[in-house]
Every structure is written in C-alpha cells, then in structure tokens.
Amino acid sequence: MIDNKYKADMDRYSGKMEYRRAGRSGIMLPVISLGLWHNFGGVDTFENSIKKVHYAFDHGITHFDLANNYGPPYGSAEETFGQIMKKSLAPYRDELLISTKAGHDMWDGPYGEWGSRKHLISSLDQSLKRMNLDYVDIFYSHRYDPDTPLEETLQTLTDIVKCGKALYVGISKYPKEAALFAYEYLRQNQTPCLLYQGKYNIFDQEPETTGILEDCKINGSGFIAFSPLAQGLLTDRYLKGIPEDSRIARGGYLKKESLDEKTMSKIKQLNEIAEKRGQSLAQMSLSWLLNQRDKVSSVIIGASSVEQLSNNLGCLGNMDFSEEELNMINKISKE
C-alpha cells in the first residue's frame with residue numbers, strides 16, 4: 001500500500017470510482033465514503049483497521065468520515081485514524097477529505113455534548129490531537145440541540161472555519177426547519193453548508209418523504225447518506241437467520257425485534273431482485289441510493305473486513321435501474 005503499487009492501483013480503478021460535486025461547492029466526493037463508526041475502535045485490531053483504510057484509499061475512496069465519540073471507547077476511532085495518518089497517510093494529506101463531528105455524548109459534565117460553543121470548539125481541539133491533524137476538511141454539528149440557540153451553534157461553525165480548524169462545515173440529522181435556518185444563516189456568514197448527513201436506505205426513506213433531499217438541492221448543500229445498508233439488514237447476512245457473530249446477536253444498536261417476519265420477507269424479495277441484476281443485496285442497496293445522481297452526493301459505508309469493503313465497491317459496476325426494478329423496490333419497501 002502507498003508505494004509503487006499505489007499509482008498502478010489508482011490508474012486501474014480511476015475509471016470505476018465516480019466523484020460527485022457536493023452541492024454548489026468546489027468539492028468532489030467519491031460516491032463511496034468510508035465511515036469509522038464501527039470496527040475501528042480500541043476494541044478492534046489496528047492491523048485490520050489499517051488494511052481497510054489502505055484498501056479504501058487505493059481504490060479511490062478519498063473521504064473518511066469520523067466523529068469524536070466513534071469507537072468504542074469514545075475517541076478511539078480517531079486515535080486509530082491518527083496512527084494511520086502518522087504511519088502512512090500523512091504524505092497524502094492533500095488527497096484526503098477527513099470529516100469529524102461533535103454534538104453527541106462524549107465526556108462527563110455539562111459541556112460534554114450538544115451544541116454549545118464550549119462543546120464544539122473543545123471537542124474539535126481534542127479530535128485534531130487524536131488524529132494528528134492541523135485541520136479537518138469537514139466539521140459537522142452532529143445533531144440539532146433544542147436548548148442551545150441555533151445561532152450560537154451555527155456561529156461557532158462559522159468561526160471554526162474562519163480560524164482555520166476546518167475548511168467546510170455540515171449538519172447531521174437536523175429536522176427540516178432547523179436545517180433550513182442553518183442553510184440561510186451559514187450562507188449569510190460566508191460559510192455555506194457543504195453537506196447534510198442523514199440516514200437513508202431502502203427501508204428508511206425519511207430524507208425523501210420529508211423533503212430534506214429537495215431542500216439540500218435548492219440550498220446548494222450536498223446530501224451524504226449514512227446507514228445505507230440499514231446496519232446490515234440490507235445484506236445477505238440475515239437471509240438464513242441470525243449468525244452468532246452478527247450485530248443483532250452481540251446486542252448492539254440493531255435489535256432482534258428489527259428482524260421480524262415482515263422485514264425478513266422484504267429482505268428475501270429484495271435479494272431476488274438483486275440476484276437478477278447480478279448483484280449482492282448490499283451492492284444493489286448502495287446502487288439504489290447512488291442512482292439518484294442529482295440528490296445523493298455520496299454514501300458512507302462501514303467495513304469489518306477488506307473482503308466486505310471489496311464486495312460493497314462492486315456496486316459501482318451497475319448503478320442504473322429499469323423503471324420496473326425501481327417500482328418493485330419501492331413497492332416492497334412500503335409494504
């Protein structure tokens with residue numbers, strides 16, 4: 001990785017990775033971004049983490065998405081990425097887009113979460129130290145804070161850019177009205193919102209039904225989707241039940257009740273469509289999102305192994321759908 005083989009790999013795969021403009025900005029995002037929410041924390045092996053990051057970069061993924069509390073434990077995913085930067089990626093800093101976030105629970109006490117100026121600036125300073133960086137490319141307000149004046153949160157994002165600690169800012173999981181206010185405030189303060197990050201997949205189409213996707217487009221912000229595979233439900237992982245080493249079995253965010261008979265039926269029907277397309281269910285689910293070329297800038301995938309990452313990148317070979325396929329997927333998702 002990142003030696004003479006690097007350029008050969010990039011030449012070979014440059015035609016496969018697609019890059020899309022993030023809203024009305026100069027930034028081009030790879031349509032597949034790598035998220036470090038799971039599988040890169042202190043409980044995971046560094047050897048596996050660095051292999052996945054290297055593989056991603058060698059195959060055109062230039063955007064790495066983090067947050068202050070990714071792990072577990074909190075902060076450890078950023079520490080892992082910082083070690084990778086120091087060990088091998090530092091010479092390629094100008095070829096990377098690195099994002100982090102603050103707003104969720106991070107440390108004890110009254111200033112360890114939410115959207116105050118105190119929390120956002122303190123958190124970013126900590127993140128930069130963990131990642132061995134002078135700045136991040138994108139800094140997000142990770143969630144809307146109903147108690148802190150929104151002007152305070154947004155002015156802090158503006159000031160973070162103006163002091164050089166971030167090049168761009170974004171918002172994540174904001175309700176519609178708060179997002180509309182944010183777009184206007186940030187635009188008036190010469191720090192336009194680069195990206196809205198929201199959960200979006202075949203099973204959860206809220207960004208479309210609430211108008212958030214259209215609002216992004218109107219206001220010049222790109223949209224980047226997280227949880228595109230519904231935390232593993234939209235893969236072949238659960239087609240034959242619940243594996244012992246799966247997230248559901250381990251008791252993580254994904255619960256057993258998520259996999260009821262109705263959901264299992266949907267998964268099997270969607271898998272049949274994917275097989276007819278010559279794709280895995282995961283590949284088709286990613287392609288379905290990326291088919292919306294004028295609305296979705298990128299999707300954030302996780303990876304427990306290089307093999308899983310490689311399989312997911314296979315979606316790039318077929319991102320087009322017939323009208324019949326789209327209608328079938330839409331019908332299944334809404335049953």
Side-chain angles (χ1 to χ4, degrees), residues 31-39 43-44 52 72 173 197-210 212-213 223-292 295-296 298-335:
V31 293
I32 299 293
S33 299
L34 183 62
L36 280 70
W37 180 22
H38 298 294
N39 304 309
V43 299
D44 303 291
K52 289 180 290 186
K173 306 190 299 287
Q197 186 172 137
K199 182 190 292 186
Y200 189 26
N201 56 61
I202 290 175
F203 286 162
D204 188 345
Q205 300 182 30
E206 183 179 358
E208 186 170 350
T209 58
T210 59
I212 284 174
L213 283 180
F223 181 90
I224 183 166
F226 73 85
S227 197
L229 302 179
Q231 295 192 54
L233 289 179
L234 288 166
T235 71
D236 58 11
R237 188 91 164 118
Y238 299 103
L239 283 172
K240 297 180 180 179
I242 301 176
E244 292 183 1
D245 61 344
S246 66
R247 286 187 187 178
I248 290 181
R250 294 197 305 265
Y253 287 93
L254 197 60
K255 306 301 180 184
K256 285 187 177 181
E257 50 266 31
S258 302
L259 199 61
D260 56 23
E261 288 186 16
K262 182 181 290 187
T263 302
M264 181 60 80
S265 175
K266 290 182 179 182
I267 292 171
K268 290 180 178 179
Q269 291 178 69
L270 290 169
N271 188 63
E272 289 177 4
I273 299 173
E275 288 180 341
K276 291 177 181 177
R277 287 172 50 83
Q279 291 183 305
S280 69
L281 177 54
Q283 289 171 345
M284 185 187 77
S285 299
L286 295 172
S287 295
W288 179 84
L289 286 166
L290 294 174
N291 177 255
Q292 302 179 69
K295 293 181 179 179
V296 176
S298 181
V299 300
I300 300 169
I301 63 171
S304 60
S305 66
V306 167
E307 290 74 23
Q308 186 183 63
L309 181 55
S310 176
N311 177 269
N312 287 343
L313 284 173
C315 73
L316 300 173
N318 185 9
M319 292 190 287
D320 296 318
F321 288 78
S322 68
E323 186 174 347
E324 181 183 5
E325 288 173 330
L326 291 173
N327 288 336
M328 290 171 64
I329 292 170
N330 189 50
K331 181 181 178 181
I332 292 168
S333 69
K334 293 181 178 179
E335 283 179 351

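The structure places CZ of Phe203 at 13.0 Å from CD of Gln231, a figure rounded to the nearest 0.5 Å. The OG1 atom of Thr235 sits 7.0 Å away from atom CG of Leu229, with the distance rounded to the nearest 0.5 Å. Atom OG of Ser227 is separated from atom CG of Leu234 by 8.5 Å, given to the nearest 0.5 angstrom. We find the NZ-OH distance between Lys295 and Tyr200 to be 7.0 Å, quoted to the nearest 0.5 Å. Taken to the nearest 0.5 Å, the CD1 atom of Ile300 stands 4.0 Å off from the CD1 atom of Ile224. Here CG of Leu213 is found 10.5 Å from CD of Glu206. Values are rounded to the nearest 0.5 Å.
Taking all atoms of both residues into account, the shortest heavy-atom contact from Leu286 to Val299 is CD2-CG2, 4.0 Å. A pairwise comparison of heavy atoms in Met319 and Asn291 identifies O-ND2, 3.1 Å as the closest pair. Considering all non-hydrogen atoms of both residues, Ala225 and Leu289 come closest at CB-CD1, 4.5 Å. Shown here for Cys315 and Ser287, the closest heavy-atom pair between the two residues is O-OG, 3.1 Å. Here the closest heavy-atom approach between residue Glu335 and residue Gln269 is recorded as OE1-NE2, 3.6 Å. Ser333 approaches Gln205 most closely through the heavy-atom pair OG-NE2, 3.2 Å.
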Take Thr263 and Asp260 through the side chain to side chain contact (heavy atoms under 4.5 Å, CB included) test and state the conclusion after the steps. CA-CA 5 Å; Thr263 302; Asp260 56 23; 2.8 Å; yes
Full working for side chain to side chain contact (heavy atoms under 4.5 Å, CB included) between Ile267 and Leu259: CA-CA 10 Å; Ile267 292 171; Leu259 199 61; 3.7 Å; yes
Could you go through Phe321 and Met328, starting from their C-alpha distance and side-chain angles, then the distance that decides it, and tell me whether this counts as side chain to side chain contact (heavy atoms under 4.5 Å, CB included)? CA-CA 11 Å; Phe321 288 78; Met328 290 171 64; over 6 Å; no
Where do Asn312 and Ile32 land on the side chain to side chain contact (heavy atoms under 4.5 Å, CB included) test, with the steps shown first? CA-CA 9 Å; Asn312 287 343; Ile32 299 293; over 6 Å; no
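Take Ser280 and apply the side chain to side chain contact (heavy atoms under 4.5 Å, CB included) test, not counting sequence neighbours, and it matches Ala282, Gln283, Asn311.
At distances below 3.5 Å, at least one donor-acceptor pair connects side-chain atoms of Asn327 with backbone N or O atoms of Glu323. In this structure, the side chain of Lys52 engages the main chain of Asn39 through a donor-acceptor pair within 3.5 Å. Looking only at distances, no side-chain donor or acceptor of Arg277 sits under 3.5 Å from a matching main-chain atom of Glu325. Side-chain atoms of Ser285 come within 3.5 Å of backbone atoms of Leu281 as a donor-acceptor pair (strictly under, hydrogens ignored).
Proximity of Ile329 to Met284: side-chain heavy atoms (C-beta onward) are separated by under 4.5 Å at one or more points.
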